[in-house]
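The next block holds one structure in the form of structure tokens; read it before the comments.
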Amino acid sequence: MNIHHIPQIKHIESGNFFLLAGPCAIEGEEMAMRIAEKLVGITDKLEIPFVFKGSFKKANRSRIDSFSGIGDEKALKILEKVSKTFGVPTVTDIHTNEDAEMAAQYVDVLQIPAFLVRQTDLVVAAANTGKVVNLKKGQFMSPESMKHAVQKVLDCNNQNVMVTDRGTMFGYQDMIVDFRGIPTMQQYATTVLDVTHSLQQPNQTAGVTGGRPDMIETIAKAGIAVGVDGIFIETHFDPANAKSDGANMLHLDYFENLMTKLVAIRKTVNQF
């Protein structure tokens, strides 16, 4: 996939990696606009192609009392407002076949969650909308197996597909990134590294996922150094009180500093 095919994406001639970033979940209009404004300013300054990320609902929670969303249409309309206000593309997760058609009316990229990437009907439903499809690699899958997920999208006459590595299960309660998988998956499609989800510590006894945000910079730097096409990072201005995945998100205050370092690394890598 050529990122030129993502509507409204800017800075595509900069030679930079592209970025999918935003909060884990849309908690409300004010928080989404606040985060988007900050990210747009940073990515414009550093000339990073940017897609705003936000889940309109969270269907894959550990506990039934966990936050799942503010209402599907309400959250999707907020994503649409972000796009129109700042002139940037947006991406959101879908969990059912019906979600695909609904979300496609509001966003530019449909994301298949890692737990669902082998669900053929869901992948086909996303592909048939004609939108760009982002396939998250299952924590339980090899990089080589993503070839078949990509082929499902291509067989629907949709060439606009990318894959995202979000780590691999390491025991019961930890994740690890195998950087050998990045060049492998790049043989099949444009490849993104999901830095923050790769640092999750799932299956905690409390039913709330933990994380290692202190390792975000390390994993992000390594991904850029090995030549990944894009970076995925969830961020929030108050991670401790975020309604979803706060334990592994990057604080918004640290975002520009990290992006500045990653841009410098990419410029160096591009010389070779």
(message) Could you tell me if the side chain of L39 sits less than 4.5 Å from the side chain of F255, heavy atoms only?
(response) yes
(message) We want to know whether E234 and N248 form a side-chain donor-acceptor pair, criterion being a heavy-atom distance below 3.5 angstrom.
(response) no
(request) List in chain and number order the residues that pass ring pair (Phe, Tyr, Trp, His ring centres under 6.0 Å) with F115, two or more places apart in sequence or in another chain; answer none if no residue qualifies. (result) none
(request) With sequence neighbours left out, write down each residue that passes ring pair (Phe, Tyr, Trp, His ring centres under 6.0 Å) with H11, or none if nothing qualifies. (result) none
(request) Would you check if T120 and K152 make a side-chain contact, meaning some heavy-atom pair closer than 4.5 Å? (result) yes
(request) Using a 4.5 Å cut-off on heavy atoms from C-beta on, say whether the side chain of F52 contacts that of I35. (result) yes
(request) Salt-bridge test for D99 and K57: reply yes if a basic N is under 4.0 Å from a carboxylate O, no otherwise. (result) yes
(message) Nearest 0.5 Å, please: how far is CZ in F50 from CZ in F86?
(response) 9.5 Å
(request) Step through the shown structure and confirm whether more than 12 heavy atoms of other residues, nucleotides or ligands are within 6.0 Å of CD on Q187. (result) yes
(message) Quick one: does any side-chain atom of N158 pair with a main-chain N or O of A127 as donor and acceptor, under 3.5 Å?
(response) yes
(request) Identify whether the distance between the nearest side-chain nitrogen and carboxylate oxygen of E256 and K45 falls below 4.0 Å. (result) yes
(message) Can you tell me how far apart NZ (K58) and CD1 (I26) are? Round to the nearest 0.5 Å.
(response) 10.5 Å
(message) Do V132 and M1 have side chains that approach each other closer than 4.5 Å (heavy atoms only, starting at C-beta)?
(response) yes
(request) Please round to the nearest 0.5 Å and tell me the distance separating atom OG1 of T190 and atom CD of Q186. (result) 8.5 Å
(message) Applying the side chain to side chain contact (heavy atoms under 4.5 Å, CB included) criterion to L262, which one of N16, I224, V195 satisfies it?
(response) I224
(request) State the CE-CG distance between M185 and L135, to the nearest 0.5 angstrom. (result) 10.5 Å
(request) State, without any angle test, whether S83 and Q8 hold a side-chain donor-acceptor pair at a distance under 3.5 Å. (result) yes
(request) Give me the one residue out of K243, R34, M249 that meets side chain to side chain contact (heavy atoms under 4.5 Å, CB included) with H236. (result) M249
(message) Once rounded to the nearest 0.5 Å, what's the spacing between atom OG of S14 and atom CG of L46?
(response) 10.0 Å
(request) Look only at the side chain of T184 and the backbone of P143, and say whether a donor-acceptor pair between them is shorter than 3.5 Å. (result) no
(request) First locate atom CG of L20, then atom CD1 of I6, and finally report the distance between them rounded to the nearest 0.5 Å. (result) 7.0 Å
(message) Please give the remaining members of the hydrophobic cluster of I176, linking ILVMFWY side chains under 4.5 Å, ordered by chain and number.
(response) F170
(message) Using a 3.5 Å distance criterion without hydrogens, assess whether the side chain of K131 forms a donor-acceptor pair with backbone atoms of N160.
(response) no
(request) Evaluate the side-chain proximity of F179 to D165: yes if any heavy-atom separation is below 4.5 Å, no if none is. (result) no
(request) Report yes if some heavy atom in the side chain of F237 is under 4.5 Å from a heavy atom in the side chain of D253; otherwise report no. (result) no
(message) Contact between M31 and P23 at the side-chain level, heavy atoms closer than 4.5 Å - yes or no?
(response) yes
(message) With no hydrogens and no angle check, just 3.5 Å: does a side-chain donor-acceptor pair link D178 and T168?
(response) no
(message) Check this for me: does any side-chain nitrogen of one of K136 and D194 sit under 4.0 Å from a carboxylate oxygen of the other?
(response) yes
(request) Could you tell me whether E37 atom CD has more than 12 heavy atoms of other residues or ligands within 6.0 Å of it? (result) no
(request) State, yes or no, whether a side-chain contact exists between L199 and I219 at a heavy-atom distance under 4.5 Å. (result) yes
(message) If you count heavy atoms of other groups shown closer than 6.0 angstrom to NZ of K77, is the number above 12?
(response) no
(request) Using atom types as modelled and distance alone, determine if a side-chain donor or acceptor of S55 lies under 3.5 Å from a backbone N or O of D93. (result) no
